[in-house]
Amino acid sequence: MLTTRKLGRQGLEVSELGLGCMGMSQWYGATDDRESVATVHRALELGYTLFDTAEAYGPHDNEVLLGRALAGRREQALVATKFGFPMKLKDGTTAEADSRPEHIVEVVEASLKRLGTDYIDVLYQHRVDPKVPIEDVVGTMSDLVRQGKVRYLGLCEAGEKTIRRAHAVHPLSVVQSEFSVWERNLEDGVLPLLRELGIGLVGFCPLGRGFLIGGVQRAEDYPDDDFRHHDPRLQGVNYDQNMAIAAKIREVAERHGLTPAQLAIAWALHQGDDIVPIPGTKRRTYLEENTRSATVALGVDTLAEIDDAVRADLVAGPRYNERMMAYIDR
């Protein structure tokens, strides 16, 4: 059973690992709703309380799926969802990022219905919207807290200036960003700020979108609708250089009797009690493997060895393509 960690100073307490649900509905190959629901149920049995979704996942399908999985078990879970991400709609059109106050209210009402609940535990702005002052965004989110529709607030992939301005309007409990042994962009600025302000970090992609487990193919081998097809770190010479990093992680993991996934997640857990990784999976087998990471104790020497094997100067390519990087607020 997982233990818990406190995120922020507003009372949010979650399991030390959360479950990222996006892949249950899109981006990473074929989906299986029955197995996904069974995975959510197994997560509850193992002590997971934090379940991460968004209106953009599907779009909309993932919230519906999670709501169905949690029916009759809502009190066991903390549901985090997000608004304000550009997404391709079912009719083939594209909805741009939109954090206008009136739209936030509309999206939250729709998310509540899809999730089959009357409150959201953690509401995130999915990406910072340069067209809308962050004060207006967080002010609207704060109104939703006062109305009882939302309990805690967060931002995703926000930079230091935005975090400070947002936190001054209403205290943030969490910031969510990509964070893993091979994606360390938070360490010099954002993470120290979060600790100064007393904000927790929820780290997505702790397995580097699967790359650190060594089973990822070249980008061109995936279909166009698979996220990995567009991942610069899987393209051309970047793939070859990064595979050498994955091999080093495998070597360290094998010496400690661990899978590469367990080593990578354990590394993230060792970076501080104010950090909660949310590895995503849609299968119970991988969920159980990931959960065992919470029992792994890594010594100082092992952590140093991992850091040396995955130095920033060894990682080839940006984490997103140019279009997606444009949405990152740094």
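Worth knowing before you read on, the calculation uses all heavy atoms, side chains too, and leaves out hydrogens, waters and symmetry mates.
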Are the side chain of [X] and the backbone N or O of [Y] linked by a donor-acceptor pair below 3.5 Å?
X    : Y    : answer
T140 : D136 : yes
D121 : V79  : yes
T162 : A158 : no
D329 : V128 : no
T39  : E35  : yes
Q241 : L314 : yes
H229 : A219 : yes
T281 : Y286 : no
N62  : G58  : no
S111 : V107 : yes

Any residue meeting side-chain hydrogen bond (donor to acceptor under 3.5 Å, both in side chains) with [X], in chain and number order, not counting sequence neighbours:
X    : value
D313 : R311
D231 : none
Q76  : none

Do [X] and [Y] have a side chain donor and acceptor closer than 3.5 Å?
X    : Y    : answer
E187 : N185 : no
S25  : D61  : no
E63  : T53  : no

Once salt bridge (Lys or Arg N to Asp or Glu O under 4.0 Å) is applied, what residue pairs with a partner in [range] remain, sequence neighbours excluded?
range            : value
residues 154-164 : E157-R319, E157-R330, R164-E196
residues 198-221 : E178-R209, R218-D240
residues 2-31    : R5-D273

Basic-acidic side-chain contact under 4.0 Å: [X], [Y]:
X    : Y    : answer
R255 : E305 : yes
D307 : R184 : yes
D118 : K149 : no
E55  : K82  : no

Atom pair [atom1]/[atom2] of [X] and [Y] - distance to nearest 0.5 Å:
X    : Y    : atom1 : atom2 : result
L172 : L7   : CG    : CG    : 12.5 Å
E75  : T49  : CD    : OG1   : 12.5 Å
S177 : L201 : OG    : CG    : 7.0 Å

Which residues pass the ring-ring contact (aromatic ring centres under 6.0 Å, His included) test with Y48, not counting sequence neighbours? none
Closest non-hydrogen contact found for V276 with S15 is CG1-O, 3.5 Å
For P279 and N290, which heavy atoms make the closest approach, and how far apart are they? CB-ND2, 3.9 Å
Show the atom names and distances, to 0.1 Å, of all donor-acceptor pairs under 3.5 Å that link a side chain in residues 257-264 to residues at least two apart or in another chain.
unit_1: T259; atom_1: OG1; unit_2: Q262; atom_2: N; d: 3.1
unit_1: T259; atom_1: OG1; unit_2: Q262; atom_2: OE1; d: 3.4
unit_1: T259; atom_1: OG1; unit_2: E289; atom_2: OE2; d: 2.8
unit_1: Q262; atom_1: OE1; unit_2: T259; atom_2: N; d: 3.1
unit_1: Q262; atom_1: NE2; unit_2: E289; atom_2: O; d: 3.1

Could you note down all residue pairs passing ring-ring contact (aromatic ring centres under 6.0 Å, His included) where [range] supplies at least one of them, sequence neighbours left out?
range            : answer
residues 86-118  : none
residues 181-202 : W182-F211
residues 56-89   : Y57-H126, F85-H126

Quick one: is the NZ or CZ of R74 closer than 6.0 Å to the six-membered ring centre of Y119, and within 45° of its axis? yes
For M87, the rest of its hydrophobic cluster, which grows through side-chain links under 4.5 angstrom: L89
Kindly determine whether L287 and L46 satisfy side chain to side chain contact (heavy atoms under 4.5 Å, CB included), including the steps that lead there. CA-CA 9 Å; L287 174 78; L46 292 169; 4.0 Å; yes
